[in-house]
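Below you'll find the structure, written out as structure tokens, and then a few comments.
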Amino acid sequence: MTAPVEPIGYDPSAVESRWRQRWAERGTHQADLAHGARPFYALMMFPYPSAEGLHVGNLFAFTGCDIYARFQRLQGHTVFEPLGYDAFGIHSENFALKVGVHPMELIPRNIANFRRQLDRAGLMVDWTHSVDTTDPDYYKWTQWVFLQLYEQGLAYKKAAAVNWCPSCKTVLANEQVEGGACERCGTMVEQRFLEQWFFRISGFAERLLGNLETLDWSETTKQAQRNWIGRSEGARLRFRVLDPLADAGSSAVSVTSEVTTGGAEIEVFTTRPDTIFGATYLVLAPEHPLVHAVTTADERAAVEAYRAAAAKQDLITRKTSKEKTGVFTGAYAANPANGELIPIWIADYVLMEYGTGAIMAVPGHDERDFEFATKFGLPIVRVVAGEGETARTPFDGAPFVGEGVLVNSEEFDGLPVAEAIRAISDWLESRRAGMAVVNYRLHDWCISRQRYWGPPIPIIYCDACGTVPVPAEQLPVVLPNIPDFKPDDSGVSPLARHEEWYRVPCPRCGAKARRETDVSDTFLDSAWYFLRYPSVPRADVAFDRELTKRWLPVTTYIGGNEHAVLHLLYARFITMVLHDQGLLDFEEPFTKFRAHGLIIREGAKMSKSKGNVVNPDDYIDQWGADTFRTYLMFLGPFEEGGDFRDAGISGVKRFLDRLWASVRDHAAGGTADTEVMRKLHATIKKVGEDVPALSYNTAIAAMMEYMNTLRKGERTPHRAEVEPLVVLVAPFAPHIAEELWEMLGHRSSVFDAPWPAYDPALLASDTFELVVQFNGKTRGTLTVAKGIAQADALSALRGDAALGRFLTGEPKKVIFVPGRLLNLVL
RNA sequence: GCCGGGGUGGCGAAAUUGGCGAGACGCGACGGACUUAAAAUCCGUUGGGAGGCAACUCCCAUGUGGGUUCGAUUCCCACCCCCGGCACCA
């Protein structure tokens, strides 16, 4: 008799809508935040609700997180799995401008559509604790966070360069500049200086770096943060500027023993103080404050022209064009090591925002300096000699940047580089010409945006009282609904056009005052949202102390590595600040972080222009959410991503069809098959190990393998053989699991059932397959007793007809790996 | 250029404290059962090559070239290609 599967029985859309409704009615997904045992906070990165709808990449990430969370629930944890919307920011605003719909109208519409799509995906999300960053009830607290930083002196204002499009007359984000031109109109972008708000994250660099060691994060993410923080050890060295008049007429580089200074000193940062004898010129960034003072009359016109050109150039082009340019200032400085006079130049390859904005150029041992010196005919001196080189070895078109010993460096000659760095640093320090310092690439965080679609920065300017923070009880500073949210040529936020909004009485003295019209960076919205989720209904505090204590830090955070540096670093920073203020008990928000991979489509990146974007709705309509979820996870390793191919999805559907049929047709009486049960327990073990390791693809493969065993030879499975499988499948395909669980007679949710235990005794066997090799080639296996000794294995081999024939003589060598293999070298 | 992650069948992929015959699981393909037929379902075969009626036997295969080892997808050296991020950071 055959028992053909009749998939008619399994109707995904009916099953899924039934369980969606039941979950909502029963509140299955709402964690008891106040009392639930063993709290587990499963966090996923909240999406930006675009007009295009949910991207399959979002769903891939959410499903991966959901499976992890559901698994933890089956392990007996009270799992809190919230989700919200990151809806402020320039993306929304630009899109709103493009389609001519106000963001206050557009965003709620997008959110509604997202919510509809998310609901269909079968996520265990507790929607009673959602956030929307554009909701005044949320951004009230974003503004409050700003005030916490302000009070600690960690928020300050300074002039900084921004990208400016003279045609669109607006500030552009870096990603809106393509090859130096505005992405919208193609006009060349300029830089402008505007007063902006900054957060002093640079002061936390060492802590942010050091704490990484304590975090259980994807190594790639940690490494990205280390690179971004960019710690480098070096020295600050002081160069005296010489009075240009005293030096007038002398050759560019001459040894002068007694020169009096004009008083000015230029400080440089270098990681190679050992090469100071090879420093043949200095370079200042064009914006360096000393440029004006040191420039001689003869050179002033050229210097000013160069500075003006540099100021006009946009930030992107300047950083990407590698062609060296620069001009001589006419001034000289004394090399503190040997007193030699070296010229001072300005060039845009030196960046004002790194180090001191000035360098000592050592063209013999630095590629950029070498290129510059070659172009402008500046002297190149060798001070490090590599293997087989001497002080006189010429440079062959390139600087020498390798390891070696010092030359042309007076008493330091012969020292290896590593020792020389220390020796020369100490020497210069003793002569008060420098000091060892640690420098970081990490810059302060500019949070100002001269835009509309963000939370207004809660600051008021009063002529009498100066900068006054908005008192906490007056929050939120509500973003007004203005029709003309488009940026204009003023270079300030559109909010500045609305006097009725920005004119307010000073909170301190009551005099007429003005609001800050910049809004804050969207990264600030997302830097603290995980603190808000558990406390969402609370209107009186940003986060409740007790709930926070219970639920944070986040147990596991899963998200994209595109946020490896900015979002994850800012969230760590804000948490640290709130911790220092005594508002949080922990200073690291995410105990464990795992980065998921990216989904591609048939080997290519998905994009609208290629027309190969997967719309989740279509697939869920056709296959059901359970099949879609499981298929997404089956594509490849979760942490590496996968290649979406329509062809493969049917295999997963077939698996669920067979699962359905197995439960429907199972035999209640009789006994379970021993071999099948052995396989079942092996599968329970495998899935229980793979899921927490995010090896979803292999967990699914293991369940499929078990399904093959279960139905081998068209047998009718026993109840004991299928019931545990329903629980194993549940995290992946929650709707069908609930349905089948009920079909098996259970009244409560499968997610309130315990995860099945496997019986190690059942897995243990008295015998094992001993691999038999001859000359390293596997020739077969012998079934032998566990713990068999070499001698017994050999006699078993001699007694085996098939394998014994390979044993043509006495083996020269016998390699016996107990419990594994026997290799005979003949 | 620098830092990560990868190169394994027709395809997505398994397996790396070096060793249970590389390729689990799935797709596709091929053959068969059922059917008037098709779909669906079920069963079987499927890395390449050579030999044999056959059970089988042999050779070649994890990006390329070397090396270590009884034994290498796994370790070491050199190189090539793909993906992601950073990029004049002194």
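Since we're looking at a predicted model, the values are computed, not measured.
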In terms of side-chain heavy atoms of A:L821, which of B:A90, B:G19, B:C20 is nearest? B:G19
State which of B:C88, B:G19, B:G12 makes the closest approach to the side chain of A:R645. B:G12
Could you run down the sub-3.5 Å N/O contacts of the protein with nucleotides 61-63 of chain B?
none

How far, in whole Å, is B:G7 from B:C59 if one measures between their P atoms? 28 Å
What I want to check is whether an N or O donor and acceptor connect the side chain of A:E219 with the base of B:G4 at under 3.5 Å. no
Check whether any side-chain heavy atom of A:S202 lies under 4.5 Å from a side-chain heavy atom of A:H443, and answer yes or no. no
Interatomic distance, A:I600 CD1 vs B:G5 P [rounded to whole Å]: 19 Å
Whole angstroms only, please: what is the CZ-C1' distance between A:F60 and B:G12? 13 Å
What interatomic distance, in whole Å, is found between P of B:G32 and the corresponding atom of B:A37? 13 Å
Is the A:Y349 ring parallel, tilted or perpendicular to the A:F372 ring (thresholds 30°, 60°)? tilted
Phosphate OP1/OP2 of B:G44 contacted by A:K712 side-chain N/O (<4.0 Å): yes
d(CD, A:Q773; P, B:C20) in whole Å: 7 Å
So for atom NZ, which belongs to A:K222, do other residues, nucleotides or ligands contribute more than 12 heavy atoms lying within a distance under 6.0 Å? yes
Base, sugar-phosphate or nothing for A:R441? Non-hydrogen atoms, less than 4.0 Å. base
Spacing of A:H443 atom NE2 relative to B:C86 atom P, expressed in whole Å: 15 Å
Over all strands shown, is A:Q223 touching base, sugar-phosphate only, or nothing at heavy-atom distances under 4.0 angstrom? sugar-phosphate
Would you kindly give the CG-to-P distance between A:L824 and B:G21, to the nearest whole Å? 17 Å
A:L598 CG to B:G4 P, straight-line distance once rounded to whole Å: 19 Å
Could you tell me how far B:U74 sits from B:G6 if I compare only their P atoms? Round to whole Å. 14 Å
Might you work through the side chain to side chain donor-acceptor pair (under 3.5 Å) test for A:R594 and A:N561, ending with a clear yes or no? CA-CA 9 Å; A:R594 289 293 178 275; A:N561 230 1; over 6 Å; no
What's the gap between B:G4 and B:U8 when it is taken at their P atoms, as a whole Å value? 22 Å
Sequence neighbours left out, what pairs pass salt bridge (charged side-chain N to carboxylate O under 4.0 Å, His left out) with at least one residue falling in residues 223-239 of chain A? A:E206-A:R231, A:E213-A:R226, A:E219-A:R226, A:R231-A:E233, A:R236-A:E267, A:R238-A:E265
Please verify the inter-ring angle class for A:Y631 with A:F644; under 30° counts as parallel, over 60° as perpendicular, anything in between as tilted. perpendicular
Measure the shortest side-chain to side-chain distance between A:F277 and A:V381 over non-hydrogen atoms and say whether it is less than 4.5 angstrom. no
Contact between A:D646 and A:Y619 at the side-chain level, heavy atoms closer than 4.5 Å - yes or no? yes
What nucleotide, of B:G5, B:A14, B:G19, holds the atom closest to the side chain of A:P637? B:A14
Separation of B:A13 atom C1' from A:Y631 atom OH, nearest Å, is 11 Å
Check the pair A:N439 / A:S232 against side chain to side chain donor-acceptor pair (under 3.5 Å), numbers first and verdict last. CA-CA 5 Å; A:N439 207 50; A:S232 74; 5.1 Å; no
Roughly how many Å apart are B:G5 and B:G10, using the C1' atom of each and rounding to a whole number? 26 Å
Looking only at atom C1', what distance separates B:C83 and B:C30, rounded to whole Å? 35 Å
For RNA chain B, the dot-bracket pattern of Watson-Crick and G-U pairs whose distances stay under 3.5 Å, | for other-strand partners: (((((((..(((......[.....)))((((((.......))))))(((((....)))))..(((((..]....))))))))))))....
What is the distance, to the nearest angstrom, from the CZ atom on A:R236 to the C1' atom on B:A90? 13 Å
Could you check A:I359 against A:E367 and say which one's nearest nucleotide on RNA chain B is further toward the 5' end? A:E367
Measuring from the side chain of A:I815 (C-beta onward, heavy atoms only), which nucleotide among B:C11, B:C86, B:G19 has the closest atom? B:G19
Not counting sequence neighbours, which residues clear side chain to side chain donor-acceptor pair (under 3.5 Å) with A:T374? List them please. none
So, A:K375 and A:E323, do they make that salt bridge, N to O below 4.0 Å? yes
Walking RNA chain B from its 5' end, the first of A:N227 and A:K813 to be reached, judged by nearest nucleotide, is A:N227
State yes or no: are the ring centers of A:F198 and A:W445 separated by less than 6.0 Å? no
Syn-anti status, with the boundary at 90° from 0, for the nucleotide B:G9: syn
Where the side chain of A:W228 is concerned, which of B:C86, B:A90, B:G19 is the nearest nucleotide? B:C86
Side-chain donor/acceptor of A:K605 to base of B:C83, under 3.5 Å: no
Same-atom distance (P) from B:U17 to B:C76, integer angstrom: 13 Å
Has A:R382 got its NZ or CZ under 6.0 Å from the middle of the six-membered ring of A:F400, at an angle within 45 degrees of the ring axis? yes
Not counting sequence neighbours, list each pair that qualifies as a salt bridge (charged side-chain N to carboxylate O under 4.0 Å, His left out) and has a residue in residues 696-710 of chain A. A:K679-A:E705
Under 4.0 Å protein heavy-atom contact, by nucleotide of nucleotides 22-29 of chain B - B base, S sugar-phosphate only: --BBSS--
Rounding to the closest angstrom, what is the interatomic distance between B:A13 and B:C27 at atom C1'? 11 Å
